[in-house]
Amino acid sequence: MVSGPHPKFPHLFAPFVLNGVQLRNRVAISGHFAGWYVGPGGLPSDELAAYIVERGRGGAGLFVIGSNVPVPGYDWIENTSDAIIPRYRAIADAARPTGIAVFAQLCHPGFFPLPGPPRVTPPPRAQPTIATSRGPARRRPPADELRAIFRAFGDAARRVREGGLDGVELHAHEFFLHAQLLSPVWNDRDDAYGGSLENRLRGLVETLQAMREAVGRDFVVGVRLKAADMLPGGMDAEEYCEVLQRLEQLGLVDYVNLSGGDAHFHHGPMPRPEGEWLGLIRQHRAATRLPIMHAGRLSTPELAERALAEGVIDIAVMTKTHIADAHFTRKVFEGRTDDIRFCTRCLQSCHGNLWRMTCVYNPLTGREKEWSQLPPASAPKRVIVVGAGPAGMEAALTAAQRGHRVTVLEQADRVGGQIWAGAASPLRRPWARIAEFYERQARKGLFEVRLGARATAEALLAARPDAVIVATGSR
Ligand SMILES: Cc1cc2nc3c(=O)[nH]c(=O)nc-3n(C[C@H](O)[C@H](O)[C@H](O)COP(=O)(O)O)c2cc1C
Ligand code: SF4
């Protein structure tokens with residue numbers, strides 16, 4: 001069910017209706033792209049469908065498919081012909097029985113690299129900033145070309161609707177085409193699309209008009225915007241509030257999904273505070289009656305519940321939270337927080353590895369098609385795992401869940417291995433969440449962990465196991 005009155009998180013599990021689409025709860029997974037989303041012909045892959053279905057089973061209310069491009073020539077999902085309609089249909093048909101609503105996000109990468117010299121140095125973070133697209137370089141497209149692109153968004157939105165998905169969203173945050181047009185940091189045009197805010201907003205409005213005309217009034221259209229540019233010379237929160245008010249007056253969108261500034265900021269490196277931008281979002285809340293979704297390290301149910309209860313946001317976006325654990329929402333609903341793999345915000349295997357996205361401590365992520373339904377072992381075996389670091393503990397957990405009898409031997413006095421060395425830095429404390437997850441799993445008794453136990457060859461032979469997994473790390 002994952003919906004309805006909840007003693008601890010009443011707001012989080014309250015349903016919400018967006019232009020006729022019922023979301024079973026207030027938990028959304030915002031657009032996020034992985035290379036393996038793209039199947040043959042640039043169309044959505046079976047792996048993507050399985051990934052969404054798993055998050056549907058896991059209880060979230062909404063999944064937004066990131067980065068569908070309405071013009072050819074990019075290496076994201078290509079929504080450029082009606083060939084995509086049956087692929088969307090396959091996703092809708094597979095996801096609907098799980099109860100999750102699915103939107104598609106339309107995005108044009110813009111014209112890379114961004115015009116002009118870089119104006120800021122990205123703040124330090126765990127991973128170097130990566131260019132996520134091979135767009136054409138340093139070009140200021142003529143107005144006619146822009147208008148053709150905006151019309152292509154209309155065609156693409158129609159395909160989303162005809163494919164049976166529940167809504168469509170325009171990507172206008174970070175630093176892609178619509179953000180490049182909106183923000184004076186990048187927009188140095190001197191035509192109808194540059195200069196005043198009204199002009200810089202024109203591209204966004206014309207695109208949303210094309211999308212709205214294509215899908216009609218009775219289909220969800222949303223927009224993803226930054227709360228503020230957070231760049232020198234960029235737009236501040238007040239100007240973004242003006243944008244929201246203008247969009248609300250025009251009646252073009254059913255919701256706005258606000259992120260906290262550019263990717264460097266809305267992801268943020270590990271030490272940044274959780275829910276960091278909620279204070280800023282209060283300004284937008286006061287400026288508009290549009291339903292607000294917000295993403296930005298809302299990593300605990302308590303934090304999301306508070307933001308919803310205070311009315312700052314209407315829908316809590318918890319994206320990496322569900323990259324790390326597809327069943328986060330259901331586990332919260334059922335009070336099984338011990339079983340949650342809490343995201344560490346390390347970015348190492350997701351945003352830092354976009355083309356092969358997975359999670360640094362959840363091997364299922366990205367492999368749902370093959371592994372989400374692990375069958376019980378036909379012949380349970382006696383397995384010894386040597387080493388209680390993340391690899392050993394994950395092997396033990398998986399083997400035990402399949403019905404094998406597992407013992408982990410660890411010579412140290414606690415589970416977690418090298419994770420603790422990483423977590424010793426005050427700036428890297430969230431690494432500890434990995435070790436803590438395995439500690440909690442070990443305490444459940446599904447398998448045995450012997451601490452302070454040295455695995456000598458004699459001891460292993462004497463135990464007569466069927467299999468030994470050596471997970472003592474690399475040197
Ligand atoms: C692997 C990855 C890919 C992403 N791709 C997109 C994208 O295609 N479109 C988008 O709007 N945001 C994208 N994002 C940003 C997320 O939607 C979200 O704003 C971000 O993860 C912060 O929210 P969180 O703290 O809940 O994870 C991506 C994030 C990740 C981790
Ligand atoms: S790789 Fe790191 S940041 Fe990404 S989902 Fe996993 S724990 Fe979170």
Side-chain angles (χ1 to χ4, degrees), residues 27-38 48 51 60 62-69 74-77 103-109 125-127 130 132-133 169-176 178-179 222-227 256-270 272-278 293-300 303-304 307 313 315-326 328 340-366 390 419 422 428 430-434 437:
V27 182
I29 303 171
S30 57
H32 60 289
F33 175 80
W36 45 261
Y37 281 14
V38 185
L48 170 60
Y51 181 73
L62 171 66
F63 187 100
V64 184
I65 305 172
S67 297
N68 297 250
V69 194
Y74 298 91
D75 38 16
W76 296 347
I77 296 173
F103 296 175
Q105 178 187 65
L106 303 182
C107 177
H108 186 293
R125 45 178 280 184
Q127 290 289 312
I130 45 167
T132 53
S133 167
E169 177 182 279
L170 173 63
H171 184 304
H173 76 140
E174 295 183 320
F175 39 76
F176 300 119
H178 289 84
V223 64
R224 190 140 203 224
L225 286 167
K226 287 178 271 193
V256 57
N257 183 350
L258 294 171
S259 61
D262 259 336
H264 320 301
F265 298 98
H266 78 259
H267 287 296
M270 230 187 222
R272 303 290 305 206
E274 311 214 316
E276 183 174 8
W277 309 114
L278 283 169
M293 300 185 194
H294 169 58
R297 302 193 292 289
L298 303 181
S299 34
T300 63
L303 184 59
I313 56 174
I315 293 168
V317 176
M318 306 176 91
T319 299
K320 288 190 288 292
T321 295
H322 287 84
I323 295 176
D325 193 332
F328 173 88
I340 293 176
R341 295 172 195 254
F342 286 98
C343 169
T344 66
R345 336 305 293 172
C346 70
L347 298 178
Q348 287 203 359
S349 301
C350 54
H351 201 255
N353 193 17
L354 213 57
W355 293 97
R356 295 163 58 193
M357 185 194 78
T358 179
C359 172
V360 76
Y361 82 114
N362 189 347
L364 272 188
T365 299
I419 288 295
R428 289 283 174 267
W431 277 128
R433 291 174 191 171
I434 298 179
F437 167 74

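Both ligands and their constituent atoms are indexed starting at 1 by order of listing. We count residues from 1, following the sequence as given. These numbers come from a predicted model, not from an experiment.
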Quick test: of every protein heavy atom, which one is nearest to [atom], and how far off is it to 0.1 Å?
| atom | answer |
| --- | --- |
| atom 18 (C) of ligand 1 | Ser30 OG, 3.5 Å |
| atom 19 (O) of ligand 1 | Arg224 NH2, 2.7 Å |
| atom 26 (O) of ligand 1 | Thr319 N, 2.9 Å |
| atom 4 (Fe) of ligand 2 | Cys350 SG, 2.3 Å |
| atom 2 (Fe) of ligand 2 | Cys346 SG, 2.3 Å |
| atom 8 (Fe) of ligand 2 | Cys343 SG, 2.4 Å |
| atom 28 (C) of ligand 1 | His32 CB, 3.5 Å |
| atom 8 (O) of ligand 1 | Ser67 OG, 2.6 Å |
| atom 29 (C) of ligand 1 | His267 CE1, 3.3 Å |
| atom 1 (S) of ligand 2 | Val360 N, 3.3 Å |
| atom 9 (N) of ligand 1 | Gln105 OE1, 2.9 Å |
| atom 3 (C) of ligand 1 | Phe33 N, 3.3 Å |

Original post:
Heavy-atom contact under 4.0 Å between Ser259 and ligand 1?
Top reply: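 For ligand 1, residue contact (heavy atoms, under 4.0 Å) with Ser259 is absent.
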
Original post:
Looking at ligand 1, does Val317 have a heavy atom less than 4.0 Å from it?
Top reply: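 Flag set, Val317 near ligand 1.
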
Measure from the side-chain N and O atoms of [X] to the backbone N and O of [Y], and report whether any donor-acceptor pair falls under 3.5 Å.
| X | Y | value |
| --- | --- | --- |
| Thr319 | Ser30 | yes |
| Arg341 | Phe437 | no |
| Tyr37 | His32 | yes |
| Thr365 | Ile323 | yes |

Original post:
Just going by heavy-atom distances, which of Gly31, Ala295, Gly66 is nearest to atom 14 (N) of ligand 1?
Top reply: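 Of the listed residues, Gly31 has the closest heavy atom.
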
Subject >> His171 neighbourhood, listing ligand 1 atoms whose heavy-atom distance to it stays under 4.0 Å >> reply: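 The list of qualifying atoms is 9 (N), 10 (C), 11 (O).
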
**OP:** Run the numbers for me: atoms of ligand 1, each under 4.0 Å from some heavy atom of Met357, listed by number.
**Re:**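 In order of numbering, the contacting atoms are 1 (C).
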
Subject >> Side chain proximity check, Asn257 to Val64, heavy atoms < 4.5 angstrom >> reply: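 They are not in contact (no side-chain heavy atoms under 4.5 Å apart), so the answer is no.
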
Original post:
Taking the side chain as C-beta and beyond, is there a heavy-atom pair between Tyr74 and Val38 under 4.5 Å?
Top reply: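 With C-beta onward as the side chain, the pair stays apart.
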
**OP:** Using a strict 4.0 Å cut-off to heavy atoms of Thr344, name the atoms of ligand 2 that fall inside it.
**Re:**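 Close to Thr344: 2 (Fe), 7 (S), 8 (Fe).
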
**OP:** Check ligand 2 against Leu347 and write out every atom of the ligand that is under 4.0 Å from a heavy-atom position of the residue.
**Re:**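 That gives atoms 2 (Fe), 3 (S) of ligand 2.
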
Original post:
Is it true that Arg433 and Glu274 make a salt bridge, defined as a side-chain N closer than 4.0 Å to a carboxylate O?
Top reply: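 Glu274 and Arg433: salt-bridged.
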
For ligand 1, is any non-hydrogen atom under 4.0 Å from [X]'s backbone (N, CA, C, O), its side chain (CB onward), both, or neither?
| X | answer |
| --- | --- |
| Leu354 | side chain |
| His351 | both |
| Met318 | backbone |

Subject >> Cys359 near atom 2 (Fe) of ligand 2 via N/O/S, less than 2.8 Å >> reply: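 No, Cys359 does not qualify, because none of its backbone or side-chain N, O or S atoms lies under 2.8 Å.
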
Original post:
Using heavy atoms and a threshold below 4.0 Å, how should the contact between Arg345 and ligand 2 be classified: side chain, backbone, both, or neither?
Top reply: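 Contact part for Arg345 vs ligand 2: backbone (N, CA, C, O).
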
Subject >> Distance-only side-chain donor-acceptor flag, Ser259 / His173, under 3.5 Å >> reply: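 On atom types as modelled, these side chains qualify, holding a pair under 3.5 Å.
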
